[in-house]
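Worksheet: one structure, shown below.
Just so you know, these numbers use all the heavy atoms, side chains as well, and skip hydrogens, waters and symmetry mates. Below, chain A is the first sequence line, B the second, and so on; all start at residue 1.
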Protein chains: 2
Amino acid sequence: MDNQEKRNKEQLILVAAEQEFLTKGYDGARTTSIAKAAGVTHAMLHYYFGTKEELFERIVDEKFRIMSQSMLAVMGEPDLPTIERIRSGIAAHFDFIAKNPHLPRFLINEVVSRPERYSILQNRIQGVINILFSQLQEEIDNAAARGEMEWIDVRTLLISIMSLNIFTFVAYPFMETMLGDFMSDREKFLAERKAENIDTIMCRIKTKQP
Amino acid sequence: MDNQEKRNKEQLILVAAEQEFLTKGYDGARTTSIAKAAGVTHAMLHYYFGTKEELFERIVDEKFRIMSQSMLAVMGEPDLPTIERIRSGIAAHFDFIAKNPHLPRFLINEVVSRPERYSILQNRIQGVINILFSQLQEEIDNAAARGEMEWIDVRTLLISIMSLNIFTFVAYPFMETMLGDFMSDREKFLAERKAENIDTIMCRIKTKQP
DNA sequence: TTTGTAATTAACAATTTTGTTAAACCAATT
DNA sequence: AATTGGTTTAACAAAATTGTTAATTACAAA
């Protein structure tokens, strides 16, 4: 077996672990189940990754990194006028979550069940985010001063955007039970949701004429 | 020991079980931990409730019932004009979730991890909800025809309201890591969020004058 | 007081799950 | 061919967790 095949085997375990952890969470995941899905004995899993805990952290670290990227996505394209930039940011954020539909629920559950573990990770991203936030806040301040939009605290805005975009996916199976027919065509439903979320935020920040 | 005290002991287990299941989920919960928290031997837990599964379903059933009530809350006070009714509905829904902050994440996780089990439960609430939805939809149709508000599909509206209200609590610990200072005063933060959610939806459904 | 029923306890059993280890294996290098 | 290194397997061990049971207690009714 050459080096490529070894990497491959390690990779198979990682892929299976990602699937298992993201859908079942740490407590619901079984290392034997991961090994089986990867097509290896469970001793191999321990050989490469030590413990369930260590394997899990490999996945969590990667997912946290990916999730941080989505924070950048919501900043939108820099060259557009502020309001269009926000519009593009919402769309990009929605698309990102649509590509990683299990990610938010997974990370939320992790942080909820082990808050202490992620305080370090938090500090790391908080610095980056604060800078981005203050940049966007300044843009908003200026645009509002020019009467191009209503003023809003960037953090308030971000929470609203994240709520609308993320909840759709976090609660998807739950809403399906109540709104089965309304959501039967997933592609169509998501396209409508994306448009609706953009509309909702745009309404909120567009200049009102009394 | 009289009957009251027996009920009391059963109740102690239920209270402890609720706490454990809602915060840790089914997989993370431990029957021994529940028994310990309730101050009884774990054999007592099995004596009263049979299995972990059965105890869990007791909790889930109750929580599903409570959650259904919140669907009614979002319908608002019937005597108000449509737009004010929706406003009161958003506020009532927000307050309800604020009183049961763990409920949404718990139920979402349950439905996600065992979708098949809840198809029956779904049918039960779907009937009630469809009637309420069509009533509110008719009100919206009329109000929109009178030019009092923008037309919107009631299901689209409901999803937006639920997204804004529920996500705040589902992702609270997660957002705290990014926005610690912004959220340090929980009461103030929640009050602002509630107002913001109402504003956001009101903007979306109020008549636009072009 | 006796008797019957439910409640309680402690000890045990069964299963699941994670983790370990010693031996076998394979491939490349000397 | 022998050595060396990492890889793989099967069997085992340890721990945790759920569930059971037989014996004991408490209590109320006959």
- Item | Nearest atoms (heavy-atom pairs only) where B/I152 meets B/Q137 | O-NE2, 3.2 Å
Without decimals, in angstroms, what is the distance between [X] [atom1] and [N] [atom2]?
{"X": "A/L12", "N": "D/dT8", "atom1": "CG", "atom2": "C1'", "result": "15 Å"}
{"X": "B/F56", "N": "D/dT18", "atom1": "CZ", "atom2": "C1'", "result": "16 Å"}
{"X": "B/Y26", "N": "D/dT17", "atom1": "OH", "atom2": "C1'", "result": "11 Å"}
{"X": "A/K36", "N": "C/dT18", "atom1": "NZ", "atom2": "C1'", "result": "17 Å"}
{"X": "B/H46", "N": "D/dG19", "atom1": "NE2", "atom2": "C1'", "result": "5 Å"}
{"X": "A/E53", "N": "C/dT17", "atom1": "CD", "atom2": "P", "result": "17 Å"}
{"X": "B/E54", "N": "D/dG19", "atom1": "CD", "atom2": "C1'", "result": "12 Å"}
{"X": "A/Y48", "N": "C/dT20", "atom1": "OH", "atom2": "P", "result": "17 Å"}

- Message: Taking any heavy-atom pair under 4.0 Å as a contact, classify B/A29: base, sugar-phosphate, or nothing.
- Response: sugar-phosphate
- Task: Name the nucleic acid region contacted by B/T31, choosing base, sugar-phosphate or nothing; use a 4.0 angstrom heavy-atom cut-off, strictly under.
- Result: sugar-phosphate
- OG of A/S160 to CG of A/N197: how many Å apart, nearest 0.5 Å? 10.5 Å
- Message: Salt bridge or not between A/K63 and A/E110? Use side-chain N to carboxylate O under 4.0 Å.
- Response: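 Salt bridge flag = no for A/E110 with A/K63.
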Are any protein N/O atoms closer than 3.5 Å to N/O atoms in nucleotides 9-16 of chain D? If there are, list each pair with its distance.
none

- Item | Residue pairs involving residues 34-45 of chain A (criterion side chain to side chain donor-acceptor pair (under 3.5 Å); sequence neighbours excluded) | none
- Task: Kindly determine whether A/L164 and A/T168 satisfy side-chain contact (heavy atoms from CB on, under 4.5 Å), including the steps that lead there.
- Result: CA-CA 7 Å; A/L164 290 167; A/T168 299; over 6 Å; no
- Message: Using a 6.0 Å distance limit plus a 45 degree cone around the ring axis, check whether A/R114 lies over the aromatic ring of A/Y26.
- Response: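 Pair A/R114/A/Y26 counts as cation-pi.
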